[in-house]
Amino acid sequence: MKKVLALLLSGLVAVLGLSAQADATKPIVLQAGSANAKTKLVFWNGLTGSDGVTLDGIVKKFTDRNPDISVRVEKMVWNTYFDKLLTSLASGSGAPDVFLLHEFEIPQFASQGVLYESSEFFKPKGELDKADYEPEYIKALNWEGKTYGVPLDRHGWGVIVNKDLFKKAGLDPAKAPKNAQEFIDLATKLTIDKNGKHPDQAGFDDKNVVQWGTFASWPKPNFLSTLWQYGGNWTDGKGKATLDTPEAHKALQFWVDLIYKYRVSPKPAGFDGWQSLANQKLAIIPEGCWIYNFLVDSKLNFGVWEYPQFGDKKAAVWTSGHVMYMPATESGDNLVAAKKLITYLSQNTATWATAGMPPANLKVRAALKASEVPVAVTYGASFKRQGQFDTGNVAITEIIDKGYGPELDSALNGLKTVDQALKDANKAVQDILNRN
Amino acid sequence: MTRVQSWRNGRYIAGNYLFVLPFLAFFLVFTAIPIVQAVVMSLYNWAILAKTHPFVGLDNYVRLLDDQIWWQALRNTTWFAFLSAGAITIFSLFVSLQIRKPGRGRNVYRFLFYVPVVLSVAAMGIVVGWAFNTQFGLVNALLAPLGLQPINWLGEKELVIPTLALATLWWGFGGPMLIYLAGLQSIPRQVYEASEIDGAGRWQTTWRITLPLMRTSIFFVLVTQLIAHIQVFGQSYLITGGGPGRESYTSIYYLYQTAWRYYHMGYGSAIAVSLAVFILVVTLIQFWWNRRQAAVEY
């Protein structure tokens, strides 16, 4: 009986511990610098993984160099972060001195006048040089003729491969596919059912696949990248939704066909791409550069590809960027200190690349070594060659999460035809554009 | 001669009101005023960061009537609430009937059954996500020796809501179980003794004595569970993200995204008010149905 009670108590402690650990509303706090520092800054971000720890290290170096400034870094999961940021900006009090957003969110916030205009960070007024960034990145920071934010990194989409599975299949993991057909052929060779058959062989059992060739992962970057490659976009940029177009059909059909026609990818719902990759059950995964720490932690023998060319019109891959901001109300000593912090962080992002994130600063990015940070280097080169930022819009979150995101998911999970999903997505996006 | 305290006495009344003042203050600030504010906001195009909020009258409600996402979310929510509330009402009653009598291990069982209730919804979400994972989950691992194929519990249209309801049953039946245990203890012992003398068996005693006398408790559990589960959010938000597609997207999830992700507080308030009216109607129907049943007295 005592053993049973001890077991029960242990279980209770475990679930209570899990309960406390899972309280996503509480921020992870780092106090960098002296508590007696003259100027105290608060820096909010949503980097709750190991990438956040890397950024903490850079902040600590800043406070070591600037003992008169302390920085309280508060990391929250992105959803909680947005809730808190929104209420603090709306109420005009309690807002952090520095915070992170993505570049595509600039119109949402800048249009409401809550962001500090940032042109003074750049030459001739500031230390930073716009020539150190890709022109399209600087363009993405603009809203109605003004610049908002200072870039930290340029993250985005590429491909990770499991080298061991390639070698087992007698394939060269360094040889990336040049087009859609080569990608399908590779994925076919790497998809194996329990009887050792591939999808192009008679008797292939798609209900008992032991190893998948690839995975139609996060629909947004896959779809947008492919759509751009076919020469389309989700909008014409003049208030019209353009998702019910031949280009959009080709792009979505490609990903749907990987699942239902070529049978080289599982349905996305219920499939854990990262764990499958680490457990030798998945060979190729289109994924963001933030997977890097996971790859290192799981000791996977992995390779990195630039995003392949699936479409037939132009090279393109979805990219985004973490951008540093201050609230429009920032002033006095805190404004001076916050500017110092942002400038320092933007110039010292080589360490940030160890979290997989290609630095936004091209000089810093060019100095990276592939042997040390393979994901940041390969992805960074890809972004410079073919990277494309999403089209900014004041309602971009609604357009993605409500407009077309669930429709793409429906098509990929076999709940709607490609035609129906894109018609519904187009209508939903058009409704949102009309209201904004 | 001492003066008798009376409720008509002003000082006496003021003294009593002092006791309820703390609650009243919190109730006004965190419940009553926000409710009124939500109703008012629902009549405006209220973007949270905007400087001006144009009055739009009933436009938000008219728009909601034609909003297919709202109707799908409401359908999903109703189906989930019906399954969860029904399962919890019945299962917790069954369990409480099994463990009500003193016996070996009774407290251990009560403890075990109640433990999931202390989990936060976030922790429950993690546990359920792990347990029902198609490839690496505990449930499919347990089914594998029976020769069953891995089931995509959270990825199939037909399975996702029942799976979330099943998880909610595990998480939430402990609370109603305690209510039932309290209700069972309040049934007079003489009634059971009389039925025993009359020769009633265990089955007859349960059906003819226990369940009729537990009607008030059962009704209370059913009403409160339905109200609670129509407001489901965490399960869908944390475990499935509303997917696949929008097959597990719920009304409160839609409210949250509309107000806090898309910043349309006015439209979000219209969703909140409409959902409150829906809950009220469902609850009134339950009360109407309950009144039609004959009351049991002892």
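Note on naming: letters A, B, ... go to the chains in the order of the sequence lines (proteins, then strands), and numbering restarts at 1 for each one.
- Among A:Ile396, A:Thr397, A:Val114, the residue making the largest number of heavy-atom pairs under 4.5 Å with chain B is A:Thr397.
- Remark: A:Phe271 CZ to B:Leu154 CG distance equals 15.0 Å, nearest 0.5 Å.
- Separation of atoms OG1 (A:Thr87) and CD1 (B:Ile48) is listed at 7.0 Å; rounding is to 0.5 Å.
- Heavy atoms from other residues, nucleotides or ligands lying under 6.0 Å from CH2 of B:Trp79 number 12 at most.
- Surrounding OH of B:Tyr109 are at most 12 heavy atoms belonging to other residues, nucleotides or ligands under 6.0 Å away.
- Under a cut-off of 6.0 angstrom, the local environment of CZ in B:Phe26 is sparse, with at most 12 non-hydrogen atoms contributed by other residues, nucleotides or ligands.
- Ranked by non-hydrogen atom pairs under 4.5 Å with chain B, the options A:Ala421, A:Gly405, A:Ser410 are led by A:Ser410.
- Side chains of A:Glu407 and B:Arg246 form a contact here, defined as non-hydrogen atoms less than 4.5 Å apart.
- Across B:Gln68, B:Arg63, B:Lys51, the residue that shares the most heavy-atom pairs under 4.5 angstrom with chain A is B:Arg63.
- Within 6.0 Å of CZ on B:Phe82 lie no more than 12 heavy atoms contributed by other residues, nucleotides or ligands.
- For chain A, the nearby part of B:Tyr256 is the side chain; its heavy atoms alone come within less than 4.5 Å.
- Only the side chain of B:Tyr254 comes within less than 4.5 Å of a heavy atom in chain A; its backbone stays farther off.
- Expressed to the nearest 0.5 Å, how far OG1 of B:Thr134 lies from NZ of A:Lys267 amounts to 9.5 Å.
- Near-neighbour residues of residues 257-266 of chain B relative to chain A, defined by a heavy atom under 4.5 Å from a heavy atom of that chain, comprise B:Gln257, B:Trp260, B:Arg261, B:Tyr262, B:Tyr263, B:His264.
- Counting heavy atoms of neighbouring residues, nucleotides and ligands inside a 6.0 Å radius, atom NZ of A:Lys220 exceeds 12 of them.
- Heavy atoms of A:Asp431 lying under 4.5 Å from chain B are absent altogether.
- Annotation: side chain of B:Phe136 is in contact with side chain of A:Lys281 (closest heavy-atom distance under 4.5 Å).
- Both the backbone and the side chain of A:Ser276 come within contact range of chain B, judged by heavy atoms closer than 4.5 Å.
- In terms of heavy-atom pairs under 4.5 Å with chain B, the best-connected choice from A:Ile399, A:Leu412, A:Asn79 is A:Asn79.
- Residues B:Pro244 and A:Leu415 share a closest heavy-atom pair of O-CD1, 3.5 Å.
- Between the A:Asn413 side chain and the B:Gly155 main chain, no donor and acceptor come within less than 3.5 Å of each other.
- Few gaps surround CG on A:Asn434; more than 12 heavy atoms of other groups in view lie less than 6.0 Å from it.
- Proximity to chain B is limited to the side chain of A:Asn208, based on heavy atoms less than 4.5 angstrom apart.
- Heavy-atom distances place both the backbone and the side chain of A:Ala90 under 4.5 Å from chain B.
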